[in-house]
Amino acid sequence: MKNVPEYFGCMVFNDKEMKARLPEETYNAMERTIRNGKRLDIAIANEVANAMKDWAVEKGATHFTHWFQPMTGITAEKHDSFITPKNGTVIMEFSGKELVKGESDASSFPSGGLRATFEARGYTAWDPTSYAFIKEGVLCIPTAFCSYGGEALDQKTPLLRSMEAINRQALRILKLFGHDYPSVKTTVGAEQEYFLVDKNMYDKRKDLLYTGRTLFGAKPPKGQELDDHYFGAIKPRVAAYMKDLNEELWKLGVLAKTEHNEAAPAQHELAPIFSTTNIATDHNQITMEIMQKVAKKHGMMCLLHEKPFAGVNGSGKHNNWSISTVTGVNLLEPGETPYENAQFLLFLCAVIKAVDDYQDLLRISVASAGNDHRLGANEAPPAIVSMFLGEELDEILEAIENETAYDAKEKVQLKVGVHVMPRFAKDTTDRNRTSPFAFTGNKFEFRMLGSANSIASANIVLNTAVAESLKSYADRLENVDNFEEALHSLIVKTIKDHRRIIFNGNGYDDEWVKEAQSRGLLNLRTTPDCLPYILKEKNVALFENHKVFSRTELEARYEIYLENYCKTVNIEALTMIDMVNKDILPAVSAYIKALGETAMLKKNAFAEVDCTYEEKTVKKLSSLSASMLASAERLSASLEEIGKAASTADAADSFKSVIIPEMEALREFADEAECITGAKYWPYPSYGDLIYGVQ
Ligand code: ADP
Ligand code: MG
């Protein structure tokens with residue numbers, strides 16, 4: 001293997017390749033499109049397509065695909081070969097038309113009713129801002145996926161729209177501060193947590209196979225209580241995996257940077273260097289896919305579920321987010337001069353206002369049946385959205401709000417745009433790991449995302465909500481006589497109006513739940529609790545005003561999210577019933593039989609032999625079997641009942657309030673039985689086998 005700089009990005013049709021392979025004019029047109037979102041005409045697209053194809057064929061590719069992100073949470077691809085018949089043989093061809101637009105049968109992707117069944121077509125449209133790449137001999141072209149009516153059927157379309165929205169508004173604000181930048185982008189670095197388990201063990205567990213998480217499993221004697229895994233030495237088998245994973249990701253141009261063990265045994269994390277939001281989103285999808293693929297090569301399975309195991313930490317994803325000019329000026333970086341400080345404070349306030357005004361949307365953006373197991377379970381932030389700014393920044397805001405001196409020594413009122421804000425030390429360590437939304441020096445870290453979530457949803461909301469704050473500021477400031485006065489009072493007003501969202505204490509504490517309630521913050525604990533908020537008028541207005549979603553698109557998404565929740569829980573419940581009936585009850589019976597036979601043998605052979613163990617265990621297991629059976633029957637009946645629900649929303653509520661508690665009850669009986677059943681008889685690898693199985 002060559003050294004990293006030599007092979008980094010070798011499977012990506014990146015800037016270097018374009019420069020080398022495209023005529024200068026074409027290259028410049030591409031550059032303008034990538035940097036400033038200018039439209040590309042078909043003649044240029046033809047040249048780009050041809051160069052892309054030549055490059056791909058040289059790398060051994062035979063097919064191309066429009067690679068897209070439907071609402072399934074994973075990516076989709078349909079391969080077409082480059083072959084075109086010519087004089088009895090074939091040549092490899094790829095046109096601009098094929099590059100720019102593809103047709104796709106949309107009928108098998110979730111559309112939430114957007115696509116009436118008779119109109120099965122959807123189309124994919126090239127996103128030239130994200131480089132094409134080769135995966136498994138296929139040229140993958142990142143695309144957006146829409147219905148023929150133009151409605152978004154994917155995550156990419158609204159994400160790109162939200163980036164345009166924040167670009168428009170941020171440029172207005174920057175103009176007020178005397179800057180004329182061509183464009184502004186949001187940047188994201190997504191830290192990804194995952195578990196690795198041995199594939200042989202995985203294959204024996206129907207629950208992992210069908211649902212991605214264990215639905216049964218007694219606690220092992222040792223969990224994560226010794227904290228001996230976090231940042232611990234990486235085991236050789238995992239190290240070999242990480243090495244391979246990094247190489248695969250680097251070839252695809254993914255800036256994989258940091259790797260370490262996480263809190264739970266068998267849990268690990270990978271963080272990339274941040275990039276532009278749509279690229280970070282594509283790269284996170286690629287990362288998740290490659291993580292799973294490379295694991296199989298190493299005889300392991302990579303679990304991306306938010307809660308693969310009860311009793312140890314689940315997996316999340318930290319979405320580090322900032323806004324930057326196209327020239328690389330980070331707008332959330334505190335400045336050196338009073339004017340820069342004022343600009344920084346205004347952008348900071350825009351985020352504070354956005355997070356408070358659209359708490360509900362942020363909560364929805366991370367909602368899934370899987371993530372419901374983590375949020376508020378003392379291992380992840382609660383379902384309440386709040387912000388952590390750090391003590392120093394908080395004191396500065398307080399001084400501005402109260403028009404008092406920030407520094408007791410200085411005795412001067414801190415006035416925005418006039419005084420230099422005191423420099424505060426940037427602390428990149430997690431000062432408050434319990435906060436769902438923390439300022440970390442020059443970016444915000446949104447920590448509520450689940451490990452399997454696409455990061456698109458969270459960033460669509462963040463971009464759009466901050467665009468709205470910036471819009472309201474620009475509307476207010478654009479025609480004032482005294483800019484500094486107006487700016488100051490706007491900042492003071494924002495701090496006053498939105499102070500409730502700032503919380504520096506322990507987010508895992510029960511006290512916080514009470515306090516948050518008294519502050520009027522939302523606590524939307526589960527997916528069915530939060531989803532209806534998506535259609536609140538203020539939220540529809542937000543997305544419509546910024547042209548990110550139409551009302552119809554939002555209604556469709558609401559339906560898709562609800563359906564997804566119902567289907568997920570339904571599959572889990574059915575899997576449990578299947579496991580209990582086909583594996584667990586028969587296994588327990590077999591063990592009861594063995595114990596019974598042993599007791600009989602003992603009694604026949606010896607007169608007064610003690611059979612306490614056999615008798616007690618048989619009794620206990622028999623009673624647990626009866627409870628399991630009754631519980632599984634109840635669960636089946638409840639599922640049947642939900643089949644009659646009047647709406648998807650009603651069904652989702654029943655899954656939450658009836659099915660999940662019944663699943664938990666069933667699990668308790670089974671886990672108790674596992675603890676007293678001979679290991680040889682239990683039909684599945686234990687938690688201990690799974691979480692300590694990779695050495
Ligand atoms: P920590 O390890 O304390 O969470 P790091 O500085 O290592 O903080 O960053 C964590 C993630 O944040 C990385 O993926 C990093 O690339 C990303 N990040 C850093 N700066 C920015 C930024 N300006 N915008 C978006 N993400 C960023
Ligand atoms: Mg972090």
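By convention here, the first residue in the shown sequence is residue 1. Read the numbers this way: they start at 1 and go in the same order the structure lists the ligands and their atoms.
- Of all the heavy atoms of Thr440, none lies under 4.0 Å from any atom of ligand 1, so neither backbone nor side chain is involved.
- Ala170 is linked by a side chain to side chain contact (heavy atoms under 4.5 Å, CB included) to Val184, Phe347, Leu470, counting only residues two or more places apart in sequence or in another chain.
- Salt-bridge formation is not detected for the pair Lys293/Glu289: no Lys NZ or Arg NE/NH1/NH2 atom is positioned less than 4.0 Å from an Asp or Glu carboxylate oxygen.
- The distance from ligand 1 to the heavy atoms of Gly189 drops below 4.0 Å at these ligand atoms: 14 (O), 25 (C), 26 (N).
- For the pair Asp372 and Arg363, the salt-bridge criterion is met [side-chain N within less than 4.0 Å of a carboxylate O].
- Residue-ligand proximity, Ile273 to ligand 1, at heavy-atom distances under 4.0 Å covers atoms 16 (O).
- Taking distance alone, with nitrogen or oxygen atoms compared against 3.5 Å, Phe274 approaches ligand 1 more closely than that limit.
- When the side chain to side chain contact (heavy atoms under 4.5 Å, CB included) test is applied to Ser457, the partners found at least two apart in sequence or on another chain are Gln155, Ser365, Tyr561.
- Here is the list of ligand 1 atoms found below 4.0 Å of a heavy atom in Asn330: 23 (N).
- Of the options Thr277, Thr187, Asn320, Leu331, the smallest heavy-atom separation from atom 17 (C) of ligand 1 is shown by Asn320.
- Listed by number with element, the atoms of ligand 1 under 4.0 angstrom from any heavy atom of Glu191 are 4 (O), 10 (C).
- Using cut-offs of 30° and 60° for the angle between ring planes, the Phe439 and Phe344 rings count as tilted.
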